[in-house]
Amino acid sequence: MLRRRHHAQTQVAGEAEGRQETHEDRWIGGDPAGSVHGRPQDGSQLTPAGLYLHVPFCARICPYCDFAVLTGDRERRRTFVEHLLAEIDLHADSPLEFDTIYFGGGTPSCLEPEDLARIVHRARTRLHTAADTRIFLEANPEDVSPESVAAWRQLGVDTLSLGIQALNREGLKFLGRLHDPGSAERSVTLSREAGFRTVSMDLIYGLPGQSAADWQDELDRALALQPDHISCYQLTIHRGTRFGVMEKRGTLTQLSPDAQGELFHLTHRHLNASGMQGYEVSQFAATVKHRSRHNQKYWDHSPYLGLGPSAHSYSEGRRWWNFRNTSTWQEKIAAGVRPVEEMETLDAQALTLEAMMTGFRTYAGVDLEQIRRRWGMDLRATNADHIRRLAGEGLVTVHGDRLSPTRDGLAVADSLVRSFDLS
Ligand code: SF4
């Protein structure tokens, strides 16, 4: 998938090329019997949280992808699943109550439905999960069939996020995707018929040479399929990816910043006018109920636990992340320890910066009073003139305690945040 997430990590070259060896030399157990994890007996409160499960496998590696991904055969995937189950067990003492379970990747839809069901069952029996937990699954169109969507519905998937990326042959070929426009469209139709709460389409724009008319045509084709949610990501070229190498050699040229800006504005203008309400820089939903409950946790600093290679976690001002290399991740779990590579404690300044970074990427913006209460940073006092100037330039609006980016502000969200004095 193409997503900008906290878990996204630059891929390890050896992994991406499928050269990574698995060094499992220890049996780590099968699926233990267990009753549904109940609420604490001592009456203590559980904290609502999100659970992210990173499945690193893909049928092949897309030339723009910088996630922790690898190709792998059936046996390797089975081994991975056993380790993921064991990693869930290592968190059985978690005080968090998960109301979202998000299968991301990689391509989690390439796992057998029975394996996905085992993982959901293990999470539900070993961890605290809420009664209305939502389950999200990222899927590639080539994995969508009447049988697979029925199986995913059966295991409780509410939101299916389809990695469509483009709806024209040239775009899909350029992006190195395995599906064609026809199978992409069929995957949306099949998914809608299967009755998921939300069917979401991922699209990529800003391909070299793409005109505004091309992109609007693409958006219209997507809208005609009547998805509940659309995610539109601007193509970013990362060093170390195949596109990165091509750019360095001069065989690939990105769109100019002006052309990219034009497509950004077109995306927001056209989708909002067509009934898909934007709520984040790249997220659009047909109604509020189709907005991503899971992503919201990243945006408002709710706790989340990430399991699987490269997955990030956050709770109470601390962030930690797993080893990105799948073999190292597996070795740690086989040794009975959590596969955490590093942990950092964020101070008030860092937390404020993050809240601004994520908040300014949303239409809602940031709640300055909440930032003051949570981390003691009174930006209304320290940045009063600056806020007035940004409002005068049409980049933000101020409503009470809330500071929200305009569409022009959204387009430059990162530099907008960096312009604040957070000292
Ligand atoms: S399908 Fe392509 S873009 Fe998505 S995670 Fe796999 S390699 Fe990356």
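Every number for a ligand or one of its atoms is a count from 1 in the order of the listing. Only heavy atoms go into these numbers, but all of them, side chains included; no hydrogens, no water, no symmetry mates.
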With heavy-atom distances below 4.0 Å as the criterion, list the atoms of ligand 1 near Asn140. 1 (S)

Could you label the plane-to-plane angle of the His312 and Trp321 rings as parallel, tilted or perpendicular, counting under 30° as parallel and over 60° as perpendicular? parallel

In terms of atom number and element, which parts of ligand 1 are under 4.0 angstrom from non-hydrogen atoms of Arg60? 7 (S)

Hey, mind stepping through Arg293 and Asp158 against salt bridge (Lys or Arg N to Asp or Glu O under 4.0 Å) and telling me if it holds? CA-CA 11 Å; Arg293 182 196 281 187; Asp158 305 280; over 6 Å; no

Where does the angle between the aromatic ring planes of Tyr102 and Phe136 fall among parallel (under 30°), tilted (30 to 60°) and perpendicular (over 60°)? parallel

Residue Tyr64 vicinity, atoms of ligand 1 by number, heavy atom under 4.0 Å: 3 (S)

Any Gly163 heavy atom less than 4.0 Å from ligand 1: no

Counting only heavy atoms, which portion of Arg177 has something under 4.0 Å from ligand 1: side chain, backbone, both, or neither? side chain

With ring pair (Phe, Tyr, Trp, His ring centres under 6.0 Å) as the rule and sequence neighbours excluded, what pairs involving residues 167-224 come up? Phe174-Phe243, Tyr205-Trp215

In terms of relative ring orientation, are Tyr52 and His54 parallel, tilted or perpendicular, with 30° and 60° separating the classes? tilted

Do the side-chain N and O atoms of Asp300 and Ser302 include a donor-acceptor pair separated by under 3.5 angstrom? yes

Per-atom contacts of ligand 1 with Val69, taking only distances under 4.0 Å to non-hydrogen atoms: 5 (S)

Could you tell me whether Cys58 approaches ligand 1 through its side chain, its backbone, both or neither, with non-hydrogen atoms closer than 4.0 Å? side chain

For ligand 1, which atoms have a heavy atom of Thr107 less than 4.0 angstrom away? 1 (S), 6 (Fe)

Any N/O/S atom, backbone or side chain, of Cys65 lying under 2.8 Å from atom 6 (Fe) of ligand 1? no

Listed by chain and number, what are the side chain to side chain donor-acceptor pair (under 3.5 Å) partners of Lys332, not counting sequence neighbours? none

